[in-house]
Structures are given as C-alpha cells and as structure tokens.
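Have a look at the structure below, then the notes.
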Protein chains: 2
Amino acid sequence: MKANLEDIALAAGVSKMTVSRVLRGGTGFSTQTRDKVMKFAQTMGYVPNRLAAAFGADQSSTLVGMCVPRLTSGLFSHVLDGVDRALSRLGYQLMIGANNHSAEEEEAWVRQVIAWRPAGVILSGRTHTPGTVDLLREATGPVVEIWDLTTSPIDISVGFSHFDCGAEMAQFLLRRGRRRAGYVGALARADVMGAARLEGFEATLARAGHPLVACEVLHDMPGFYAGYYGLETLLSRQPRLDVVYFHNDEMAIGGLAYAQSRGLRVPEDLGIAGWGGMEAASILQRRLTTTVVPTTAIGKAAAEALVARLKGEAGQEVTVLPTRLEPGETG
Amino acid sequence: MKANLEDIALAAGVSKMTVSRVLRGGTGFSTQTRDKVMKFAQTMGYVPNRLAAAFGADQSSTLVGMCVPRLTSGLFSHVLDGVDRALSRLGYQLMIGANNHSAEEEEAWVRQVIAWRPAGVILSGRTHTPGTVDLLREATGPVVEIWDLTTSPIDISVGFSHFDCGAEMAQFLLRRGRRRAGYVGALARADVMGAARLEGFEATLARAGHPLVACEVLHDMPGFYAGYYGLETLLSRQPRLDVVYFHNDEMAIGGLAYAQSRGLRVPEDLGIAGWGGMEAASILQRRLTTTVVPTTAIGKAAAEALVARLKGEAGQEVTVLPTRLEPGETG
DNA sequence: TTTTCTTACGTTACCGGTAAACCTGACGCA
DNA sequence: TGCGTCAGGTTTACCGGTAACGTAAGAAAA
C-alpha cells in the first residue's frame, strides 16, 4: 500500500540500490538518474522505513532513549527540552520514560528500550540496579548519566554535585548570620539526590559549629502542599528555627505560604531557601533564595556528548556544569 | 555479540520458531521445552530485538509518537505523564517531539516519526498543514488529536473547547459585576487555542453589552514575565479596566505581581483571571481565579482511545472532558 | 483397523532496507 | 593495441524476527 524503494526503482527503471543511494544523498549516480528518482519518490509519496533501515544495517538506529524521574517535574521538563532540541536538530528521535524515582522501574524501562536497539541512552541520576548496569554495558551505544555527577559513570556523565549545592547554601546562610537551620524534604528513601544536598548542607553546618536543628523528610511528592505541611510539622516540633532549607523551590514556595499564613516575617523571623531555580520563584514579591540549576544546558550537553561519542569523537567522560546560588530576598 | 533467537535455539536444541513461541508466551510446546528455552534465554542474557520483530511482522510496532507544542509547558507535561503512564502499562513506548507552536515543524516531526511506522500518533491541537494530514491518512495507525476539540478530527479527538473556556470565564466575571475587561495574551499568530479562548471571551462580553475594552497579545512565550509586562503595557494604554483575563495562569501570576507592584488591590481595584490550573496558582495568598483543565485525564484518555482502536475496539470519535472554573479570590 | 484429530514441533519465505562485491562501457594513456 | 581507471550502475547476501504452512507421532473416534 505504501511505496517502498522497490516500487520507486521499478518506476524509475533503476535498481533498488540506486534509489537508496540517491535518497540518502550518496554518490555513484548521474544527475539525470537522481532527478528521475527524486521525482518518483516525490510523486509516489515515499516515506522511508527506518525500522527496516536500522534493522538491516545492524548499526544502531537514530533512536535515543531517555529516562527521567517524573515527567511532571518543572526542572526535568527543561532538561528534556534541551535534549530534544539538540537531538532533533541532528536527526535523532527521543524515546522517553519515567521511573518514578525507582531504580526497579528504571531497570524495567531500560529492558524495554534497549530492545529497540537505540543509538544511545540517557539516564537521570547515578543510582541504578546491577541489572540496569549489566544491560547497558552489553548494549553497545553510549550511556549518559545526567543530573548528578558520578565519580565512576557507566560511560558519560553530565551534571553537577548535589552535595556541593547543599554545602554552598549552608555557607551562604551561615554568612547571613543564620544559626538554627532546619530542613524540609520529600520522597524519603526514593530520592538520592535530595539526600545528597541534605548531606552537604548538614555537613557544612556541623563543621561550622551550628549543626542542623531539625529535619523533616516527607514521603510525599515534592510539591507546594508538601512544603506547606512539611514546614508546619517541622515548626510544631521545633519552633526555634531561623532558617529552613527546602528540597526544592516548589516546596519552598509552599513553605513561604505557610510562614506568611502564620504571620511570620520572611526573612526577618524565618529565612527560606529553596533549590532548583524555578521560573515562578523569581517573580514572587520577594525573590526566593535558591540555587539555579542549568537544566537546559545539561540536556543540551548530554545530547551533544552522546552524539559526539556516536560519531567517534572522543569527548569528556565527566562534564560539570555550574550551578548558581541566587541570593534572593528570603534567605 | 548479543544472543539472538537462533543462538538460544541452538543451545536448547530446538528451532528458532519454538524459541520465539515460548518467549512470546504462545502455545504449541511442552513444559519441558519451555523451561529449557527459558533457562537458556535467561543465562544467555537474551534481549529481544523489537526492531526486527516490528519490521518482520509488518504489523506496526509498539511505538507511539506524540507531539506537543512545548516540552516545558507545565500543563503539557501532565498530559505527557498521563499518556506515558497509560501506554507504558500496556507495553507501548512513547516517542516525543515538540513543534514550538508551528504547523510546519509539526509536519517535519510527523514525517520523521511515521518513518518508524508507529502504532499510532498523538498530536496537540487541531491545526495541521495539509501535508501533515496526508501523511497521517496514509499511515495506517490511529491518530489522536488532543487538547482542542475538533469538529472533524482526522481520526480520534480528546479534549475540550477553548472557546467555551473563554465564554464561561466571561460569564463568571460579568456575574461578579465586572464591566470593563481586558485581555493579555501571548504567542500572537502561533497559538490558535489561546485565540479561541479570546474569541469565546470576547463574544460573550459583546453579547452581554460590555465588550472587551483592551487587548494586548504579545509575541513572547507565555510566561511570568510576559504576564508582568503585558499587563503593564495594557494598563498604560487603557488604565480604566476592572478585570484582566490572561492567556494562562503563569501570565496571570505575572500580572498579579505587576498589579501588586503598582499598589493595585486585587480583586477590589483590578480582577485577575487565568487559565489552565497550574498547581502554583492554588497556593498564592489569594487563590487565582482560573479554569482548571483535565491535563492528566486527557493524556490517559488519549492513550486509551488509541490502544482501544489498535485492538479493534470501536471507541468514540470525540471525547469531551470537562474543564472546571475555579472561582478563586482574584477575579 | 482405519481415519481423524491434536500436540508439538520444524521449514520456508518474507518484511525493506544496506554493505559489499561485482559488473560494464567509455575514456585516457603508454 | 592493450591496460588501467573511473563513473555509474547492478547483484547478492544478509539483518532477526514472525506468519503460514508442513509434518510426525500418538490419542481418540469411527
């Protein structure tokens, strides 16, 4: 029903192979032949079959798989966007999946996706099941781990250090005179990267002699409500805090709302710091103190590193992209 | 290097076909044979080649293509999430793309994606180039158009009416006593659906005898800043407004920030209404007056309609999902 | 006893491209 | 004249599955 190479070859009076070469812009045919083939391909509405091409030429396809923790994350949607823009410009197609912060779901996704023999795979985070690692090592294509830096990546790593984000924020808050800090997190057990920020935060505070006073890590999804109720819980347990560091900006904004509802002045009575650099955070009455993460840049760099590796160019194993602490007015 | 059906067949002393049947859970083999094959498949680390399967069995693959206007849209990321959850549960893989609100980019994407012979395609919106429609009509799989209802869909349509959203908001604001309404939009020329909301809004106001007083449609991306500066421009041109309807919630929040920076009381001096139902909007000091859109539900319904069609079940051509006007405290 | 049915496989052909090897005639050149 | 060379092709053999069909052996039915 749909025209294939052979149909065009028949119509143009040449062989399949010649049509294939013409359509891929190769060499070894005359201008007349090219024009004739092109004309028939056009009029017959030829649509190449990449399934056949990728399968036949055994070299892997132009498919790239990417797995993110959640598709609804504002930050990751920018990463996705960066990846997609870079890849589609180069003729690659993106297959996505979400693992809901679960290494097991990630393994299941990897198993599905490598069955399509993708040219490469992009994963988020550095914690994977042994099965995932095995699967990816046997798959021939490049593997890029983004978001969190890995000391020993499976293959390529693009991101930044969550530990350092937490440490830097702690230093900043200490410089601003904060001495009794709390933390409100989410996704207990599931989110390794949030935990790394907390570790960096806590370690730095402790070294400075002003250890973390209270910590509340919810099992919820990290959203506005979790921030709101998380701060409520934290303050009910330990009212004497002068600053609270949140898992991310959404939660920090939730916390801000709670503080205001309680009549607390921010930042005078209570400092609030977030993480991530959501767009919304910068338009609040008082700009949120936060760490801005290079989301789109990470996506772009990951895609480019992947393609560079595919083309045989030797790229860096680990690419560090800088985060930026945005002082804001709430910390 | 990687084990295939034949390797397993050789190892287990049966034919390729038997291995294929066992692994796909078919019939026509003994328990002993099954166990033996399964054992070898396991130990040899067999990963099926879906490329070959989809190609060989000419029936289309388990790939589903989906194109959204922007990957960074908060609303669409929920739609994507709904689609992905529904599809991955049923064993389908999602290929995504973004068209940047351009029908031409959409056509280019469709051309790329149908080369993979996907089982089906999901598009956002109802405006497509003739080329897109031709390509999709020739492709055999189901085509689902989401987000905006189409009177005559290419195939299946899941969404709601943007015109009605605008009309309903106009009615609501009129009931609240608003008489001099303005509008701030974005993506002039590119966004048909925002334009439909404006039409519904404008038509309803006009019929009630209180026509739209001022309208500012920026060429920017619809974000916080566009809302902020859009309202500034609108008010500089026409200060005597008692309510402003925004393209979406992000812009409305930007507008809210501008109004507050100007010392305007909301809603007393100026009403603000948005559209979309972003999570962030519900945690503001005053809940935003907006229309909540069933994002995840649309994604889920689209995926299910697509799969139902693939399985030959006769589904509805057009599925309407209800939006909900959230009165809030700013309108 | 013969026929038919069923189970449990094996064989064959094919999907639509691509790489690699192989042709062929024209032309240049020693 | 003979040879190499090159443009401009063609032929062949796959890639790894799956559908469709074939078949041998034993069980059940006539």
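By convention in this document, chain letters (A, B, ...) are assigned in the order of the sequence lines, proteins followed by strands, and residues within each chain are numbered from 1.
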Please work out if A:Arg21 contacts a base, only the sugar-phosphate, or nothing of the nucleic acid, heavy-atom cut-off 4.0 Å. base

Report yes if a side-chain nitrogen or oxygen of A:Tyr46 is closer than 4.0 Å to either non-bridging phosphate oxygen (OP1 or OP2) of C:dG17; otherwise report no. yes

Looking only at side-chain atoms of B:Ala53, point me to the closest of D:dA19, D:dG17, C:dG17. D:dG17

Side-chain donor or acceptor of B:Ser20 paired with backbone N/O of B:Lys16 under 3.5 Å: no

Between A:Thr27 and D:dA7, is there a side-chain N or O to OP1/OP2 distance below 4.0 Å? no

Could you state the atom-to-atom distance from CG of A:Asn49 to P of C:dG16 in whole Å? 7 Å

Round to a whole Å and report the spacing from CD of A:Gln32 to P of D:dA7. 16 Å

How long is the line joining CG of A:Leu51 and C1' of C:dT18, in whole Å? 15 Å

Closest to side chain of A:Met17, choosing from D:dA19, C:dA20, C:dG16: C:dA20

Counting distance alone, no hydrogens or angles: does the base of C:dG16 have a donor or acceptor under 3.5 Å from a partner atom on the side chain of A:Lys16? no

A:Asp7 CG - C:dC15 P separation (whole Å): 11 Å

Nearest-angstrom distance from the residue atom CG of A:Leu10 to P of D:dT10: 12 Å

Any donor and acceptor pair, going by atom type alone, linking the side chain of A:Ser161 with main-chain N or O of A:Leu149 inside 3.5 Å? no

Backbone of A:Lys2 reached by a side-chain donor or acceptor of B:Glu138 within 3.5 Å: no

What is the distance, rounded to the nearest whole Å, between atom CD of B:Glu6 and atom P of D:dC14? 12 Å

Rounded to the nearest angstrom, tell me the gap between atom CZ in A:Arg24 and atom P in C:dA20. 11 Å

Starting at the 5' end of DNA chain D and moving along, which residue's nearest nucleotide shows up first, A:Val14 or B:Gly56? A:Val14

With a 4.5 Å heavy-atom cut-off, do B:Val83 and B:Lys300 have their side chains touching? no

Give one of base, sugar-phosphate or nothing for A:Thr18, where a contact means two heavy atoms less than 4.0 Å apart. base

Rounded to the nearest angstrom, tell me the gap between atom CZ in B:Phe29 and atom P in C:dT6. 19 Å

Presence of B:Ser20 side-chain N/O under 4.0 Å of D:dT18 phosphate oxygens OP1/OP2: yes

Respond yes when some side-chain nitrogen or oxygen of B:Thr33 is under 4.0 Å from OP1 or OP2 of C:dC9, and no when none is. yes

Tell me if a side-chain donor or acceptor on A:Ser88 pairs with a main-chain N or O of A:Asp84 at a distance below 3.5 Å. yes

Identify, between B:Thr31 and A:Asn4, the residue whose nearest nucleotide on DNA chain C lies closer to the 5' end. B:Thr31

Assert yes or no for the condition that the ring centre distance of B:Phe76 to B:His78 is strictly below 6.0 Å. no

Using a 4.0 Å heavy-atom cut-off, does B:Ser30 contact any base of the nucleic acid, only the sugar-phosphate backbone, or nothing at all? sugar-phosphate

Distance test, side-chain N/O of A:Arg50 to OP1/OP2 of C:dG17, below 4.0 Å: no

Centroid distance below 5.5 Å plus an interplanar angle below 30 degrees: do B:Phe55 and C:dC15 meet both conditions? yes

Assign each of B:Gly13 and B:Ala52 the nucleotide of DNA chain C bearing its closest heavy atom; nearer the 5' end lies the nucleotide of B:Gly13

